[in-house]
Amino acid sequence: MEIVFLGGAKEVGASCVLIKAGGKNILIDSGIRMKEDKLPNLQVLRELGGVDVCLISHAHLDHIGSLPLIAREYPHIFFYTNQPTKDLIKVLLYDSLRIMEIAEDEIPIYAEKNVEDLLDRTLTYGFNYTFEPVEGIRVTFFPAGHILGASMIFIQTQEGSILYTGDFSADKQLTVDKASVPKIRPDIVICESTYGDRLHTNRSFEEERLFNTIYEVISQGGKVLIPAFAIGRAQEVILILRNYMKKRKVSFNIFIDGMVREVIKVYRNNPTYLSLRYYKRVLKGEEIFLADNINVVSDKKQREEIISSSDPCVIISSSGMLTGGPSVFYAEKIVQSPNALIAITGYQDEEAPGRKLLELAELSESEKKIDLNGKEYEVKCRVEKYGLSAHSDRDKILGFLSTLRPRTVIFAHGSEEAISQISDMAVKELDANIVVPQNGEVNIISIERPRKQLSFFNVKTLNNQELLNEENLKLLWQYLVENKQESNHITAEHAILIWNGKKFIEKDEINRVFELLKKSVYFEQNPKKPYLFRILSAQEVEERLKPKPMEQNRMRELAFEMFNEYGLYKVGMDIENKVVTFYFHFPQVAKRLEEQFKEFEKLTLWKVDINPNINLTYASEYVKNFLKDYNVKLLKFSYNPVINAIVIRIKEKFEQMKNLSEKFLEETGVNLIFDVEENKQEENITLQKNKMEQNKALLLIDLYFENEKDKIYKKSIKEGGKYIELSFVTPFVGEKYKDKLVQLSEKTGWDIRVSQTINQVEMINILNEILSKYNIEIQKNPSIYPTTREVRIKLSEGVDEDVLKKISKEFFERTGFYLKV
């Protein structure tokens, strides 16, 4: 692989890189310098075999200024970028044509026909989509921050992969989101180094400092000039001032001049490439730039009226370096005013008037002079610099590179000092070959084993002649799913290209398909990157096409309408998972309502769950009313969940006990047991005559269970010595030792029984002990339901199904309870 810089090595300007790989010549950018020697070395390009394809990172003149010459020289090639960059290229190059035509000392380097030809052959692709501009070469644009549409360009060839960062910003701006580290594994990174020798100050601090200084000058009746790059910086400054005026509840006039006016239209027309905050506002129909007291300067007459007026105001105008445009006209007047401010907010080329203005700060008053439009002016105004850079600083660049871990890093697009400093640090901090190229030098890079990439998005076009619409959008989705593109992202441009193979797409058509995708059930708009649409899986589409669950209040009303007569007294809801829990006075009744529950689930699309606990307060009153006609006096009421029985102690037995128990079971699903006191006094249980002394009996029990894995937690002598009760963690564990207990009874002469109580504390201890073996945590204490022999838990994170089976099995063996996750 060969990489040749035709411009942009050890300098900021005329960025132009040729990559020879895979038998193709790939050109990235072709800009100009803001000085006499404008052009990259295009003669070397011809000598190296010309160009097969040209990729464009973003629309600043130092990256696109000589593209019309490439279009003229190589009429067979296509140019690739995204839609906002193409729109901005049109604005910039036509403005450059106009300036060249009116400049007396400059010969135009290209004609309008060359610009038209360039735009006609420029194809647009959105971010995060891999396409093949020429055979064997795959290209993906990733968001670079910096300005609207700015892209990092990822190129994959058989000889290895290259990421060209272009100009990128790792800090969030108002108009565009920051660059994010793409999920790629480049072999080579060609990295910008504009600020490779410095660190940026805090952005919020700089924004506030800018506004405070401006407001101070305005309050004193002065004027403020902010020379700003028409693309990016001007829009940022407008939003900063708007936001602070609103926050501070103050107002002053702001005038927008130069190419800024046309650029704002491009920003408005490409809202999906804006930051999420302003994308949403544009969708609502808000005017995000030209509102409040922000006015557009329409002609030279208005310009002169503004500058001659005594009214204070802020003027935002291109160019940002004071190399041309209306900003120079304003600067000629404002530099002479002691009550004025020129606020520099962006990068200044070494030879630019803006840079010279900043350097004057260190000189005496008599030496503060500057040349503007060939005339010298004494500088009396304040000149301040503010750090609103749209480039990453040294630490952010190094952090970005350390995350990508390329094998080779090539530093360009920076001054010699900036590149020298960052390359020295990179040698120490990065495990990579560091290359500092010269313009015109051929850099040969051999990659023995190119790094494998995670995934590609590459499907053939359908060449369908029908217009993509609501009816056939499903066919496009099915085609993408068949090609295993679920969860990949697509843009409106890609959808059209794949559907009918069209490469030249009208903007109205793109907007129409964008709206189509946004409303579709087959695609999901990315909330953070609204220009992207995720291709949904068949399962997700099926889920979307399902009727939506009933609104929760209406669902609750329906639940009581259908189940109130069966004792429903409370409804609980898991809104996230659409599960409704029914609380019945006697939940066993619910077993008879399976058909009704199915009907309810069908009507509401909520899953029904039943709380297994009975309502003890209600049950106590129910029993009293149930027995009131039989003159039965209740001495004691209790509920045993293990045997699902209400036990009531009464004074004496009566004839209808058996029939009443059967009737109660039928009505409630709960057993009713009568514990008759007189039976206890006349108990005729035959006790063995030779009872073992109780302490010896308890000791023998310990010996019998000495080697058993289940523990007896308590041994009790009950009812004055009538029997011994053994407490296990649950009675279900005790049932396992039924035969052993019979043997013990014969040996000791004691009646030995298993306690029907549950040791809930010990159950939880056993559960935690089992879970800890697998390093599993639960979100809160388990819920124990004795009636259904269930313990329900909620895990902090997902657990393998096989592991869950092992845990559930061990828990059941040790407690006799089922574990439900």
Side-chain angles (χ1 to χ4, degrees), residues 563-572 581-593 609-630 632-654 656-680 713-714 716 718-719 722-723 725-735 753-764 781-792 815-818 820:
F563 303 111
N564 186 55
E565 63 179 296
Y566 302 105
L568 180 70
Y569 70 94
K570 181 181 173 183
V571 172
T581 302
F582 289 161
Y583 293 77
F584 289 93
H585 294 308
F586 296 107
Q588 294 296 326
V589 172
K591 291 182 178 179
R592 309 168 192 167
L593 304 174
D609 193 17
I610 307 298
N611 183 285
N613 296 327
I614 74 168
N615 184 345
L616 290 175
T617 303
Y618 178 85
S620 177
E621 290 301 313
Y622 188 89
V623 170
K624 289 177 185 177
N625 291 327
F626 186 74
L627 298 174
K628 69 179 180 180
D629 294 335
Y630 299 93
V632 177
K633 184 178 180 181
L634 268 65
L635 301 177
K636 187 179 178 183
F637 171 94
S638 64
Y639 174 67
N640 187 329
V642 176
I643 58 173
N644 185 36
I646 290 174
V647 182
I648 55 172
R649 182 169 292 183
I650 59 175
K651 188 73 176 175
E652 56 189 13
K653 61 183 178 181
F654 59 100
Q656 295 91 347
M657 284 196 311
K658 184 179 179 183
N659 291 336
L660 285 175
S661 291
E662 291 174 354
K663 183 182 177 184
F664 190 84
L665 180 62
E666 176 64 25
E667 289 182 5
T668 66
V670 178
N671 295 301
L672 182 63
I673 298 175
F674 293 97
D675 184 13
V676 183
E677 197 170 67
E678 68 180 20
N679 288 350
K680 293 186 174 297
Y713 291 92
K714 186 179 179 183
S716 308
K718 291 293 186 177
E719 296 192 12
K722 287 185 178 177
Y723 66 92
E725 184 179 81
L726 305 182
S727 298
F728 293 85
V729 64
T730 72
F732 306 110
V733 173
E735 285 297 313
R753 305 177 188 177
V754 174
S755 169
Q756 296 302 298
T757 59
I758 294 170
N759 189 335
Q760 295 197 10
V761 172
E762 191 56 33
M763 278 185 76
I764 294 173
N781 283 336
S783 299
I784 299 173
Y785 298 98
T787 308
T788 54
R789 292 175 69 176
E790 280 183 0
V791 173
R792 299 182 185 181
T815 66
F817 271 63
Y818 302 99
K820 188 173 181 181

Novice: Between T815 and F732, is any pair of side-chain heavy atoms under 4.5 Å apart?
Specialist: no

Novice: Any side-chain heavy-atom pair from Y622 and E667 closer than 4.5 angstrom?
Specialist: yes

Novice: Any chance you could measure D609, atom CG, to Y583, atom OH, to the nearest 0.5 Å?
Specialist: 9.0 Å

Novice: Can a donor-acceptor pair be found between the side chains of Y639 and N644 at a distance below 3.5 Å?
Specialist: yes

Novice: Can you measure from OH (Y569) to NE2 (H585) and round to the nearest 0.5 angstrom?
Specialist: 7.5 Å

Novice: Show me, pair by pair, the donor-acceptor contacts under 3.5 angstrom made by side chains of residues 656-665, not counting sequence neighbours?
Specialist:
| unit_1 | atom_1 | unit_2 | atom_2 | d |
| --- | --- | --- | --- | --- |
| S661 | OG | M657 | O | 3.1 |
| S661 | OG | L672 | O | 2.9 |

Novice: Go through the structure and list residues passing side chain to side chain contact (heavy atoms under 4.5 Å, CB included) with N781, not counting sequence neighbours.
Specialist: none

Novice: Who passes side chain to side chain contact (heavy atoms under 4.5 Å, CB included) against S638, sequence neighbours left out?
Specialist: V647

Novice: How far apart are the closest heavy atoms of I758 and P786, and which atoms are they?
Specialist: CD1-CB, 3.6 Å

Novice: Applying salt bridge (Lys or Arg N to Asp or Glu O under 4.0 Å) as the test, list every pair that has at least one member in residues 611-623; sequence neighbours left out.
Specialist: E621-K624

Novice: Can you tell me how far CD1 of I784 sits from CZ of F817, rounded to the nearest 0.5 angstrom?
Specialist: 7.0 Å

Novice: In chain order, what residues pass the side chain to side chain contact (heavy atoms under 4.5 Å, CB included) check against A619, with sequence neighbours excluded?
Specialist: F586, I614, F637, I646

Novice: Which distance, rounded to the nearest 0.5 Å, do you find between the CG of N611 and the NZ of K570?
Specialist: 8.0 Å

Novice: To the closest 0.5 Å, what do you measure between CD (E565) and CZ (F563)?
Specialist: 9.5 Å

Novice: To check you understand the geometry: which heavy-atom pair defines the closest contact between G669 and R592, and what is its length?
Specialist: N-NH2, 3.7 Å

Novice: Can you list the residues that meet the salt bridge (charged side-chain N to carboxylate O under 4.0 Å, His left out) rule with E735, with sequence neighbours excluded?
Specialist: none

Novice: What's the shortest heavy-atom distance between S755 and S727, and which atoms?
Specialist: CB-OG, 3.4 Å

Novice: Of all the heavy-atom pairs spanning R789 and G816, show the shortest one and how long it is.
Specialist: NH2-O, 2.8 Å

Novice: Identify the heavy atoms of N564 and L568 that sit nearest to each other, and give their distance.
Specialist: OD1-O, 3.7 Å

Novice: Using the side-chain hydrogen bond (donor to acceptor under 3.5 Å, both in side chains) criterion, which residues pair with K633? Sequence neighbours excluded.
Specialist: none

Novice: Are the side chains of K636 and D675 in touch, meaning some heavy atoms are under 4.5 Å apart?
Specialist: no

Novice: Got a sec, which residues hit side chain to side chain contact (heavy atoms under 4.5 Å, CB included) with P782, two or more places apart in sequence or on another chain?
Specialist: I764, L767, I778, V791, I793

Novice: With sequence neighbours left out, what residues match E725 under salt bridge (charged side-chain N to carboxylate O under 4.0 Å, His left out)?
Specialist: K718

Novice: Do the ring planes of F582 and F584 sit parallel (below 30°), tilted (30 to 60°) or perpendicular (above 60°)?
Specialist: perpendicular

Novice: Got a sec, which residues hit side-chain hydrogen bond (donor to acceptor under 3.5 Å, both in side chains) with Q756, two or more places apart in sequence or on another chain?
Specialist: none

Novice: Holding to side-chain hydrogen bond (donor to acceptor under 3.5 Å, both in side chains), I want the full list of residues that pass it with N759, two or more places apart in sequence or in another chain.
Specialist: none

Novice: Are any of the side-chain heavy atoms of F674 and K653 separated by less than 4.5 Å?
Specialist: no

Novice: Is there a side chain to side chain contact (heavy atoms under 4.5 Å, CB included) between L627 and I648 once you walk through the steps?
Specialist: CA-CA 11 Å; L627 298 174; I648 55 172; 3.4 Å; yes

Novice: What residues, two or more places apart in sequence or in another chain, satisfy side-chain hydrogen bond (donor to acceptor under 3.5 Å, both in side chains) together with Y713?
Specialist: E762

